[in-house]
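No hydrogens, no waters, no symmetry mates; every other heavy atom, side chains included, goes into these values. All residue numbers in this chain count up from 1 along the given sequence.
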Amino acid sequence: RAQELVEAFGSKVVAADETALPSLLTDAGLVINATSLGLGGGEGPAADLSLTPNTAVVMDMVYKPLRTEFLRRAEAAGRRTVDGLELLLRQAIPTFEAIYGGAPSPDVDVRGLALTLLGEA
């Protein structure tokens, strides 16, 4: 599957195994956990996020818990983070628009509602 991504996105994407991770992180602008590691509060991927540039952004697609172990390590390394709930909510916008014929009202705090439902508020 990784090789398919390389073919789809070209030279900016690299398929590699875990042994290459330290050298790849030194140039990474974005690191995404797209695995189930960390789901339910377990450990995230074993990546030394302090190896990434200070400008790197670290994202975890897991949204339960919201602040995963992976994101906590990224924050400890001083990296900007994006939680999985942000991705989930942004993915929902086109569906909302298709069903209701327009964008959700900016007056509704959708993230706040989701946090309450997830017990994270």
Side-chain angles (χ1 to χ4, degrees):
R1 291 176 61 191
Q3 192 57 43
E4 289 174 16
L5 290 172
V6 170
E7 291 167 12
F9 291 101
S11 64
K12 291 190 177 203
V13 175
V14 177
D17 64 22
E18 286 184 59
T19 59
L21 191 57
S23 63
L24 293 172
L25 288 174
T26 60
D27 292 326
L30 175 65
V31 179
I32 302 172
N33 173 26
T35 73
S36 61
L37 293 174
L39 186 62
E43 288 187 24
D48 184 354
L49 299 171
S50 68
L51 296 174
T52 60
N54 292 335
T55 56
V57 175
V58 177
M59 179 184 183
D60 199 333
M61 292 177 71
V62 170
Y63 60 88
K64 187 75 173 167
L66 190 63
R67 303 311 303 161
T68 62
E69 182 269 344
F70 186 68
L71 291 182
R72 286 194 306 270
R73 283 192 287 120
E75 289 169 344
R79 304 308 179 259
R80 291 184 311 158
T81 62
V82 178
D83 60 56
L85 183 57
E86 186 67 27
L87 173 69
L88 182 68
L89 294 175
R90 290 187 185 264
Q91 284 179 325
I93 292 171
T95 302
F96 185 97
E97 291 171 340
I99 292 170
Y100 296 103
S105 170
D107 297 332
V108 177
D109 181 7
V110 177
R111 184 176 176 88
L113 292 171
L115 290 171
T116 299
L117 291 171
L118 290 169
E120 298 278 346

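- Between T81 and F70, the closest side-chain pair of non-hydrogen atoms is not below 4.5 Å.
- L51 and L71 fall within a single hydrophobic cluster, where Ile, Leu, Val, Met, Phe, Trp and Tyr side chains are chained together by heavy-atom contacts under 4.5 Å.
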For this session: Let me see the working for V31 and T52 under side chain to side chain contact (heavy atoms under 4.5 Å, CB included), right down to the final yes or no.
Result: CA-CA 9 Å; V31 179; T52 60; 3.9 Å; yes

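- When all heavy atoms of I93 and P104 are compared, the pair lying nearest together is CG2-CD, 4.3 Å.
- The side-chain heavy atoms of R79 and T55, taken from C-beta on, include no pair separated by under 4.5 Å.
- Considering all non-hydrogen atoms of both residues, A47 and L25 come closest at CB-CD1, 4.2 Å.
- If you chain together hydrophobic residues whose side chains sit under 4.5 Å apart, V82 and L30 fall into the same group.
- Grouping the Ile, Leu, Val, Met, Phe, Trp and Tyr side chains by contacts below 4.5 angstrom, directly or via other members, places Y63 with L113.
- When all heavy atoms of M59 and L87 are compared, the closest pair comes out as CE-CB, 3.3 Å.
- Looking at L39, I32, N33, L88 one by one, the single match for side-chain contact (heavy atoms from CB on, under 4.5 Å) with M61 turns out to be I32.
- Atom CG in L21 sits 10.0 Å away from atom OG1 in T26 (nearest 0.5 Å).
- Looking only at side-chain heavy atoms (C-beta outward), R111 and D83 come within less than 4.5 Å of each other.
- Using a cutoff of 4.0 Å between basic side-chain nitrogens and carboxylate oxygens, D60 and R73 are not scored as salt-bridged.
- E75 pairs by the salt bridge (Lys or Arg N to Asp or Glu O under 4.0 Å) definition with R67, not counting sequence neighbours.
- Summarising the geometry of A28 relative to A56, their closest heavy-atom pair is O-CB, 3.4 Å, with the distance given to 0.1 Å.
- The shortest heavy-atom contact between A15 and A2 is CB-CB, 3.8 Å.
- Of all heavy-atom pairs between L85 and L115, the closest is CD2-CD2, 3.6 Å.
- Under the 4.5 Å side-chain heavy-atom criterion for Ile, Leu, Val, Met, Phe, Trp and Tyr, V110 and L117 are members of distinct hydrophobic clusters.
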